Each structure stands twice: as structure tokens, then as C-alpha cells.
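Some notes on the structure that comes next.
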Amino acid sequence: MTDLKATDPPVTDPPATDPQATVAKATAHASPGRLSTLHRRILDWYALEARDLPWRDPGTSPWGVLVSEVMLQQTPVRRVEPVWRQWMSRWPTPAALASSASGDAVQAWGRLGYPRRALRLHAAATAMVERHNGDVPGTLPELLALPGVGAYTAAAVSAFAFGQRTAVVDTNVRRVFARAVGGSGQAAPSLTRDETNLAVALLPEDHVEARTWGVAVMELGALVCLARSPRCPDCPVRDLCAWQLAGRPAYEGPVRRAQSWHGTDRQCRGVILAALRATTEPVAQCDVDALWPADDPQRDRCLDSLVADGLVEPLPGGRFRLPGRQDLTN
DNA sequence: CAGACGTGGGC
DNA sequence: TGCCCAAGTCT
């Protein structure tokens, strides 16, 4: 082992606010030797410890990768896996999904949460049929133009499905870099320009290494560099980690407000949608009414917003269903 | 840009 | 129990 401390910047350095300075600092910290060590350690660790997830199978299509990435937005791997398998079995291509009703996508989404993702995936499938001959596009601008595909998902599909040398920055990557390079216990509340620049600067030059780098760092964040209780003794770069070397100081930055839940529109919308998912039969207004305390205007407001979002289709006679779903009860 | 947007599990 | 967290996106 080389003398790592000798090359470390003083841990008392104030956080840089200038993007250029941050990248310069990161690059200095990650001198060629250090950087290659960081890369090798994490890539070796990944080769040994990576989970066997179905969408990581080399035979997975770009569509399979895209579906997995959308499902994984804010949703744990454990809950995504079975739904992804069913989804890919039912809709193996964008064209297959596009030919189904959007309500079928919402129904198949099940309890993954944030059901607008299902709607957007359906819209993305339609767009791919119309604009890309039914294929998932391979360039960042084309990917970003798809509904529900933002900076993270576009980069992930570019890197994981098409093997491009693209920096992937998700919450795991941000946390790992904040600690290992920034010396901070956690990343800032929202993605900063500095973090993106840093992720690009840390991308391995070697194309083969770059292919796996993103998913390897993400995996490290998901399995070892955990938010609440990091497993530092198991970390392959614990001796290089700026946060570790600084004595794992507590996070001092701005705190993110916790999401409230009880009594929110999100809860109300979830209750209504769960009822519609459970049946192919249109649900009568009175049955919707029974789902939420009487004389609470929140219920009607949420039903209206679900309709406005395209998650619920109002039918003549005051009945409701998931959009386009056929009534299979007779 | 802060806030909305689901759901379930861990501590 | 209640709060925090999980491969974000959109407005």
C-alpha cells in the first residue's frame, strides 16, 4: 500500500463552491495513481460482489434496461424484480406496450409507487414506435426527449444498454463521491453542477472500464456505502476515503425536509388508484366516495387530479376506470 | 427551484 | 411510533 495520507489534501479544506475549483481539487486528490487505484478497487469489488439482477444479464435488450431504470426510480430493487419480469414477459418490446391501453400499464405497475411512471413509460413506448422505428434510441438527446426519462435515466441507458462512456449520477454515486472524494457524510440535498463535473472527471479513460464503472459505484453505494449505516469495514476503498480519513465527521450541510404522508393528496390518490387497479370493472362514484372520509373535499379534488393526470378515465354515468381498460367481467 | 408525486420496510 | 430511506422526473 502506498502512503495515501501524504497525498491527501488537508481534511480541513473548506468546501469549494467554484465548479472549476472543485474539479481541480478532485483531480488533484485523484492523481493518476490514486485514480487508477480507486478504479481498480471498485471494479474488482464489483466483479466479486455484484448482485445477480435480471436486467444485468448481457442478453437484456435496451428496452429491458430502460424499463428497469424507470421502475428503479425511487423504488427498492427487491420490489422491482418480480414486476420487471412480468412486465418484460407481457411487453417484450416498446411496440408491444404501445399496443396496450395505458391503463393496463398502470394496472401492471402494481404497488411500485409513483404510477405516473407507468403512464410515461407507455407514452415513451408510443414515442419510440412513432419516432424510432420501435427501438430505444441510443443518444442522450433522443433519450432525454422521451417522457419520464431525465438526466439520470438517459445516462443509465446510454451506459448500461449501449455501452457508451457516459457518467451516471444517481443518489448512490453522489453519496459515494461525497464521502470518498468530498469527505462529507452525505451529498447535498439536490444535484449540483460540481457533482456532475466530478463524476465526469472520475470516469475511467479506458472504455471497457468505463462501461462497468457507473454500475459498480452505484452497487457500492447500494450495498456498502449506505446512507444510514455505512459498512465501512467492508469497503474496498476505505483507506482512500476522504470521509473515513477525516474521522467520519457528521454532516453539517442543509437538511432535506422529510416528506409528510398522512392525510396528503398522495395518500388519497393512492387509495383511489389501488381500488381501480383491483378490478377491471368500472368503479361507481359511490364506491370511490366510500374510500375516504365523507364530506372531505380532498377526495373529489384527488379524483379530479387523477383524471387530469390521465391516470383515471371518467365514464358516462359517473363511473371510473384505469384509462382504456376493457371490462372483462362479462 | 422547492415541492409534488406512492409505497413499503428498517430501525 | 414515526421518521428516514429507496437506481428521479416534472413543473
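First the proteins, then the strands, lettered A, B, ... as listed; each starts at 1. None of these values were measured; they are calculated from a predicted model. Both backbone and side-chain heavy atoms feed into the values below; hydrogens, waters and symmetry mates do not.
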Hey, is CZ on Arg277(A) packed in by over 12 heavy atoms from elsewhere, all under 6.0 Å?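 More than 12 heavy atoms, drawn from other residues, nucleotides or ligands, come within 6.0 Å of this atom.
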Could you list the residues that satisfy side chain to side chain donor-acceptor pair (under 3.5 Å) with [X], not counting sequence neighbours?
{"X": "Arg266(A)", "result": "Gln259(A)"}
{"X": "Gln73(A)", "result": "Thr153(A)"}
{"X": "Glu205(A)", "result": "none"}
{"X": "Tyr152(A)", "result": "Glu69(A)"}

Which is true for [X] with a 4.0 Å heavy-atom rule: it touches a base, it touches only sugar-phosphate, or it touches nothing?
{"X": "Arg56(A)", "result": "base"}
{"X": "Arg257(A)", "result": "nothing"}
{"X": "Ala156(A)", "result": "nothing"}
{"X": "Arg78(A)", "result": "nothing"}
{"X": "Asp265(A)", "result": "sugar-phosphate"}
{"X": "Gly113(A)", "result": "base"}
{"X": "Arg51(A)", "result": "base"}
{"X": "Arg256(A)", "result": "nothing"}
{"X": "Gln267(A)", "result": "nothing"}
{"X": "Trp55(A)", "result": "base"}
{"X": "Ile272(A)", "result": "nothing"}
{"X": "Leu226(A)", "result": "nothing"}
{"X": "Thr153(A)", "result": "sugar-phosphate"}

Under 4.0 Å from any heavy atom of chain A: name the first and the last nucleotide of DNA chain B that qualifies, 5' to 3'. dC5(B) to dG10(B)
Using heavy atoms and a sub-4.0 Å distance, could you list which residues of residues 58-77 of chain A are near DNA chain B? By number, please. Gln74(A), Thr75(A)
For nucleotides [N] and [M], find the distance between their [atom1] atoms and express it as a whole number of Å.
{"N": "dA7(C)", "M": "dA4(B)", "atom1": "P", "answer": "23 Å"}
{"N": "dT7(B)", "M": "dT11(C)", "atom1": "C1'", "answer": "23 Å"}
{"N": "dG3(B)", "M": "dC4(C)", "atom1": "P", "answer": "15 Å"}

Polar contact flag, side-chain donor to acceptor under 3.5 angstrom, Arg90(A)-Ser100(A): no
Donor-acceptor pairs under 3.5 Å, side chain of residues 217-231 of chain A to any protein atom, not counting sequence neighbours: which ones?
{"residue": "Glu219(A)", "atom": "OE1", "partner": "Arg51(A)", "partner atom": "NE", "Å": "3.4"}
{"residue": "Glu219(A)", "atom": "OE1", "partner": "Arg51(A)", "partner atom": "NH2", "Å": "2.8"}
{"residue": "Glu219(A)", "atom": "OE1", "partner": "Arg56(A)", "partner atom": "NH2", "Å": "2.7"}
{"residue": "Glu219(A)", "atom": "OE2", "partner": "Arg51(A)", "partner atom": "N", "Å": "2.8"}
{"residue": "Glu219(A)", "atom": "OE2", "partner": "Arg51(A)", "partner atom": "NE", "Å": "3.0"}
{"residue": "Glu219(A)", "atom": "OE2", "partner": "Arg56(A)", "partner atom": "NH1", "Å": "3.1"}
{"residue": "Arg231(A)", "atom": "NE", "partner": "Asp234(A)", "partner atom": "OD2", "Å": "3.1"}
{"residue": "Arg231(A)", "atom": "NH1", "partner": "Leu223(A)", "partner atom": "O", "Å": "2.8"}
{"residue": "Arg231(A)", "atom": "NH2", "partner": "Asp234(A)", "partner atom": "OD2", "Å": "2.8"}

Which nucleotide span of DNA chain C, 5' end to 3' end, has atoms closer than 4.0 Å to non-hydrogen atoms of chain A?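 First and last nucleotides in contact are dC4(C) to dC10(C).
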Below 3.5 Å, can you tabulate the donor-acceptor pairs from side chains in residues 129-146 of chain A to any protein atom, sequence neighbours excluded?
{"residue": "Thr139(A)", "atom": "OG1", "partner": "Glu142(A)", "partner atom": "N", "Å": "3.3"}
{"residue": "Thr139(A)", "atom": "OG1", "partner": "Glu142(A)", "partner atom": "OE1", "Å": "2.8"}

If each of Arg228(A) and Leu311(A) is mapped to the nucleotide of DNA chain B with the nearest heavy atom, which maps nearer the 5' terminus, i.e. the 5' end?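 Final value for this comparison: Leu311(A).
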Got a sec, which residues hit ring-ring contact (aromatic ring centres under 6.0 Å, His included) with Trp109(A), two or more places apart in sequence or on another chain? Trp87(A)
Can you name the side chain to side chain contact (heavy atoms under 4.5 Å, CB included) partners of Thr171(A), sequence neighbours left out?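 With neighbours one apart ignored, the set is Arg175(A).
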Taking only distance into account, with no hydrogens and no angle test, what donor-acceptor pairs under 3.5 Å do side-chain atoms of residues 250-258 of chain A form with protein atoms, sequence neighbours excluded?
{"residue": "Tyr251(A)", "atom": "OH", "partner": "Pro254(A)", "partner atom": "O", "Å": "3.1"}
{"residue": "Arg256(A)", "atom": "NH1", "partner": "Pro189(A)", "partner atom": "O", "Å": "3.4"}

Would you call the rings of Phe177(A) and Trp213(A) parallel, tilted or perpendicular if under 30° counts as parallel and over 60° as perpendicular? parallel
